[in-house]
Protein chains: 2
Amino acid sequence: MPDMPPLGDTGLAFVRHDHSHCAKDTLARADALSNARGARMTPVRRRTLEILLESHKAMGAYDVLERLVADGFGNQPPVAYRALEFLVEQGLAHRIRRLNAFAACMHPGEAHVPVFLICTSCQLVAEAPADDVRGAMDAAAASIGFVIERTNVEAVGRCPACRGNRACR
Amino acid sequence: MPDMPPLGDTGLAFVRHDHSHCAKDTLARADALSNARGARMTPVRRRTLEILLESHKAMGAYDVLERLVADGFGNQPPVAYRALEFLVEQGLAHRIRRLNAFAACMHPGEAHVPVFLICTSCQLVAEAPADDVRGAMDAAAASIGFVIERTNVEAVGRCPACRGNRACR
DNA sequence: GTTGACTTGTTATGCTATAACATACGATAT
DNA sequence: ATATCGTATGTTATAGCATAACAAGTCAAC
């Protein structure tokens, strides 16, 4: 494995890492989770997750669909949207609204508030841990009597690599 | 003015208030701000802001367009999108990505991090003050060397009124 | 009054997402 | 085994959101 900075898997998208391992591990956890919950990890769904896991970039539903078609699955939008919806519901993927796209969850099963950091140069998306953020939001909401059910927290900016390199990866 | 709870204009969307005043005031501030910046508050743009200010609901670009057409402006999507884009750039309106919609800013000119609370029952959108949220996000980003430029923070849930009423407004 | 920057109008198109219905699959109970 | 019911997938069609590209008009500065 290449030299890896002393980070956990936080911001993993932005550092070099053994990606095949990272994907395999996540897939295994995904299977286990689905079984535990009685959810059915069918072929399209599993393949969709694999596709998302191939990179840390967010993918549009139609890009995913293209890949699914190549693998012999149905070639109409609902095929992709349904699989993606399932993964999101199971917490195995997230929807990045700013990009009209989807990305595999890097912490399936762990309670976490997803906060997405989207690099404007290289399009990579990192999930940062930010439970503080949810706390602050709950507090703000509570002050006006609002009860939060779900959140979308996204930020665009520049990742460490792109701030350093002119060319970018 | 009807009895008003002891809040500032935080969460204004969810309390009864003299809305005509609130809109007029915001419009005046918008004019002043645009002038100060050398931005041109043209008729379409001003009318677009007025339309957004008519309610605290978020409006889709096509809904805004419909209104603009009725007022004699051009009837093609770019007319609405351009005006809305201008307002967003000037900080006079916000884009609510979760809803593919736009809402007038309730605090134009004030430095603030918009955090949107979207009621799933009545569709009203409130802007809560949550500078803490931005702080937490910056901290999370900094820990992986990411520099945030802009944020989208949105939450869906139920507003005080809708939690109380079965019927909702 | 001409230049140049910006704004608006218009045409056309592309991308994103879902409703609705038909068919197939899988687990369970009889 | 097979009937049944819930779930999943395939397919058709369409709705909804957004922007590229070009033409025409407006306005201020020189």
Side-chain angles (χ1 to χ4, degrees), chain A residues 30-31 34-35 37-49 51-52 57-90 92-103 123 152 154 156, chain B residues 30-31 34-35 37-52 57-90 92-103 118 123 152 154 156:
Chain A
D31 283 341
S34 300
N35 278 328
R37 289 176 190 146
R40 295 164 57 185
M41 182 57 100
T42 63
V44 223
R45 292 167 175 177
R46 191 168 209 283
R47 184 70 191 120
T48 299
L49 181 53
I51 289 167
L52 290 183
K57 301 197 184 190
M59 291 183 78
Y62 281 73
D63 295 326
V64 171
L65 178 59
E66 212 168 85
R67 300 288 309 276
L68 290 175
V69 171
D71 291 337
F73 293 101
N75 71 340
Q76 296 304 314
V79 171
Y81 280 101
R82 283 194 288 233
L84 290 165
E85 183 187 26
F86 172 85
L87 295 174
V88 170
E89 273 167 8
Q90 297 299 316
L92 300 172
H94 297 292
R95 186 168 197 157
I96 318 284
R97 300 204 102 99
R98 175 134 206 154
L99 303 175
N100 292 324
F102 300 82
Q123 316 304 323
N152 286 126
E154 304 173 6
V156 296
Chain B
D31 284 341
S34 301
N35 279 328
R37 289 176 192 145
R40 293 164 58 185
M41 183 58 98
T42 61
V44 223
R45 293 168 175 178
R46 190 168 210 284
R47 184 70 192 119
T48 300
L49 181 53
E50 283 174 5
I51 289 167
L52 290 182
K57 302 197 184 191
M59 292 183 77
Y62 280 73
D63 295 327
V64 170
L65 178 59
E66 212 170 85
R67 299 288 310 276
L68 290 174
V69 171
D71 291 339
F73 294 101
N75 72 339
Q76 296 304 315
V79 172
Y81 279 101
R82 283 196 287 233
L84 289 165
E85 183 187 25
F86 171 85
L87 295 174
V88 169
E89 273 168 8
Q90 297 300 314
L92 300 171
H94 296 293
R95 187 168 197 156
I96 318 284
R97 302 203 97 101
R98 176 133 204 154
L99 302 175
N100 292 323
F102 299 82
I118 305 164
Q123 314 306 324
N152 286 128
E154 303 174 6
V156 296

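First the proteins, then the strands, lettered A, B, ... as listed; each starts at 1.
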Exercise for review: Just call it for A:V79: base, sugar-phosphate, or nothing, with non-hydrogen atoms closer than 4.0 Å on any strand.
Suggested key: base

Review point. Counting N and O atoms only, with roles assigned by atom type, does the side chain of B:E154 sit under 3.5 Å from a partner on the main chain of B:R97, one being a donor and the other an acceptor?
Key: yes

**Study point:** Contact under 4.0 Å: B:Y81 side-chain N or O vs D:dT19 OP1/OP2
**Key:** no

Review point. Between C:dC15 atom P and A:D63 atom CG, what is the distance in whole Å?
Key: 10 Å

Check your understanding: Rounded to whole angstrom units, what separation is found between the CZ atom of B:R95 and the C1' atom of D:dT19?
Key -> 11 Å

Check your understanding: Phosphate oxygens OP1/OP2 of C:dC25: is one of them under 4.0 Å from a side-chain N or O of A:R40?
Key -> no

Check your understanding: Going from OG1 on A:T48 to CZ on A:R67, what distance comes out if it is rounded to the nearest 0.5 angstrom?
Key -> 10.5 Å

Review point. Does a side-chain N-to-carboxylate-O contact under 4.0 Å join B:E50 and B:R47?
Key: yes

Review point. Is the shortest side-chain N/O distance from B:R82 to OP1 or OP2 of C:dT10 below 4.0 Å?
Key: no

Practice item. Could you tell me the separation between the CD1 atom of B:I96 and the C1' atom of D:dC17, rounded to a whole number of Å? Key: 16 Å

Review point. Looking only at side-chain N and O atoms, does B:R45 come under 4.0 Å of OP1 or OP2 in C:dT7?
Key: yes

Exercise for review: Measure from the side-chain N and O atoms of B:R98 to the backbone N and O of B:I118, and report whether any donor-acceptor pair falls under 3.5 Å.
Suggested key: no

Review point. Which of the following nucleotides, C:dA17, C:dA19, D:dA18, is nearest to the side chain of B:P77?
Key: D:dA18

Point to revise | Nearest-angstrom distance from the residue atom CG of B:D71 to C1' of C:dT8 | key: 16 Å

Point to revise | Length of the CE-C1' vector between A:M59 and C:dC15, whole Å | key: 15 Å

Exercise for review: Can you check whether any acceptor in the base of C:dA17 is under 3.5 Å from a donor in the side chain of A:Y62, or vice versa?
Suggested key: yes

Review point. With nearest nucleotides of DNA chain C determined for A:F102 and B:V44 from heavy-atom distances, which residue corresponds to the more 5′ nucleotide?
Key: B:V44

Point to revise | Closest-nucleotide ordering on DNA chain D, the 5'-leading residue of A:P78 and A:F86 | key: A:F86

Point to revise | Gap between atoms CG and C1', on B:L99 and D:dC17 respectively (whole Å) | key: 13 Å

Review point. Is the shortest heavy-atom distance from the side chain of B:D31 to the side chain of B:R46 under 4.5 Å?
Key: yes

Exercise for review: Would you classify A:R97 as touching base, sugar-phosphate or nothing, given that sugar-phosphate means primed atoms plus P, OP1 and OP2, and contacts are heavy atoms under 4.0 Å?
Suggested key: nothing

Revision key, fill the gap. Rounded to whole Å, the CZ-P distance (A:F73 to D:dA8) equals 15 Å

Revision key, fill the gap. When rounded to whole Å, the CD to P distance for the pair A:Q76 and C:dT16 reads 16 Å

Check your understanding: Can a side chain N or O of B:N100 be found less than 4.0 Å away from OP1 or OP2 on D:dG16?
Key -> no

